[in-house]
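Note that the numbering runs from 1 along the sequence shown for the chain.
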Amino acid sequence: MYKTGLAVLTAAATVLAAGSPAAAGTPRPRISIEHHASEFYLFQPPFQEESYPATSVTGTARNCPTGNYLLSASLVQDGLPTLWATSGRGAGEVRCDDGTATLSMGFTRLDPVLRPGLATVRFALRDAYTSEQLTETTRTVRIPC
C-alpha cells in the first residue's frame, strides 16, 4: 500500500513538474531594440512655444500572443529622464498579430536638451486589459549627430 501510494505521488509530481506539452513548445515573448536611435528632428511639446530636438527608437516584439498591449517606454541620457515626443492619441498602443509587433517611441527633453551620444532605452509590453507585464528589455542606443 505504501509503495503504491508513493508511486502515484511520484507520477503526479513528475506530470506537474513537466508542465503542459503545449506550453513547453511555445517560445517566450521577447523584445529587441535597434542599436541606433533616429537622427534628431524638431518636436513641439503641448503647451510649449519652442521646438526641441527629439529622437525616435524602434524595436520588435516577437512571440507575443495576438492581442492588444501597452508599450511602456523610457529613455535616459546622462542620468536624466526624457518625455515622450508624441501627440498623445494612441501613444503606446500596440497590436500583436501573428506573434510580432513593431514598437516605436519618440523622446525629447526640454532642459538640458538631448545630445548625440549614448542613452539607455527600456521597452516593456503590458496586457491592455489586465496590465500583466508580457516582457521587457533594456538596451544602450546611440543617438547620431
Side-chain angles (χ1 to χ4, degrees), residues 6-145:
L6 186 58
V8 170
L9 286 174
T10 302
T14 303
V15 169
L16 291 174
S20 71
T26 305
R28 297 190 65 203
R30 64 184 176 87
I31 296 173
S32 59
I33 298 173
E34 296 293 323
H35 295 271
H36 292 82
S38 73
E39 293 182 3
F40 284 120
Y41 59 92
L42 290 178
F43 175 75
Q44 185 175 3
F47 311 109
Q48 298 289 326
E49 293 183 16
E50 293 182 50
S51 294
Y52 297 88
T55 188
S56 180
V57 178
T58 59
T60 304
R62 290 185 174 81
N63 305 321
C64 57
T66 298
N68 296 316
Y69 298 93
L70 299 175
L71 173 64
S72 172
S74 64
L75 183 140
V76 175
Q77 187 179 54
D78 302 325
L80 300 171
T82 57
L83 304 170
W84 283 7
T86 177
S87 61
R89 184 157 216 165
E93 293 178 1
V94 176
R95 172 82 185 158
C96 265
D97 287 319
D98 300 323
T100 60
T102 300
L103 309 175
S104 182
M105 184 56 68
F107 300 95
T108 191
R109 191 169 56 212
L110 310 185
D111 186 32
V113 297
L114 289 174
R115 60 171 180 76
L118 298 179
T120 302
V121 175
R122 180 187 158 278
F123 279 177
L125 281 182
R126 295 188 173 278
D127 185 281
Y129 305 106
T130 66
S131 294
E132 179 182 347
Q133 184 166 301
L134 183 67
T135 185
E136 81 172 283
T137 194
T138 302
R139 164 170 236 136
T140 300
V141 299
R142 179 168 297 283
I143 302 172
C145 296

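If you take CG on L70 and CD on E93, they are separated by 7.0 Å, rounding to the nearest 0.5 Å. Note: T60 OG1 to F123 CZ = 9.5 Å, rounded to the nearest 0.5 Å. Note that OG1 of T55 and CD1 of I143 are 5.0 Å apart. Values are rounded to the nearest 0.5 Å. Rounded to the nearest 0.5 angstrom, M105 CE and T82 OG1 are separated by 10.0 Å. The structure places OG1 of T135 at 11.0 Å from OH of Y69, a figure rounded to the nearest 0.5 Å. Rounded to the nearest 0.5 angstrom, T137 OG1 and R30 CZ are separated by 10.0 Å.
In this structure, C96 and A101 approach most closely via the heavy-atom pair SG-CB, 3.7 Å. Of all heavy-atom pairs spanning Q44 and Q48, the tightest one is NE2-O, 2.7 Å. Between N63 and R28 the shortest heavy-atom distance is ND2-O, 3.4 Å. Across all their heavy atoms, W84 and F43 have their closest contact at O-CE2, 4.3 Å. Minimum interatomic distance between P53 and F40 (heavy atoms only, all atoms of both residues): CB-CD2, 3.8 Å. The shortest heavy-atom contact between C64 and L134 is CB-CD2, 3.6 Å.
Using a 4.5 Å cut-off on side-chain heavy atoms (C-beta onward), L125 and P29 make no contact. Side-chain atoms of R142 and L118, non-hydrogen and from C-beta on, do get closer than 4.5 Å to each other. Residues R139 and V57 form no side-chain contact, since every pair of their non-hydrogen atoms from C-beta on lies 4.5 Å or further apart. Here the side chains of Y52 and R109 are not in contact, with every heavy-atom distance at 4.5 Å or above. Taking 4.5 Å as the limit, some side-chain heavy atom of S56 sits within range of a side-chain heavy atom of S104.
No hydrogens or angles considered: a donor-acceptor pair under 3.5 Å links the side chains of S32 and R62.
Around CG of D97, the count of heavy atoms belonging to other residues, nucleotides or ligands within 6.0 Å exceeds 12. Within 6.0 Å of the CD atom in Q133, the count of heavy atoms belonging to other residues, nucleotides or ligands exceeds 12.
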Begin from the C-alpha positions of R122 and S72 and carry the test side chain to side chain donor-acceptor pair (under 3.5 Å) through to its verdict. CA-CA 8 Å; R122 180 187 158 278; S72 172; 3.2 Å; yes
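Checking side-chain atoms of T108 against main-chain N and O of L83 turns up no donor-acceptor pair under 3.5 Å. Between the side chain of Q77 and the backbone N or O of L114 there is no donor-acceptor pair closer than 3.5 Å.
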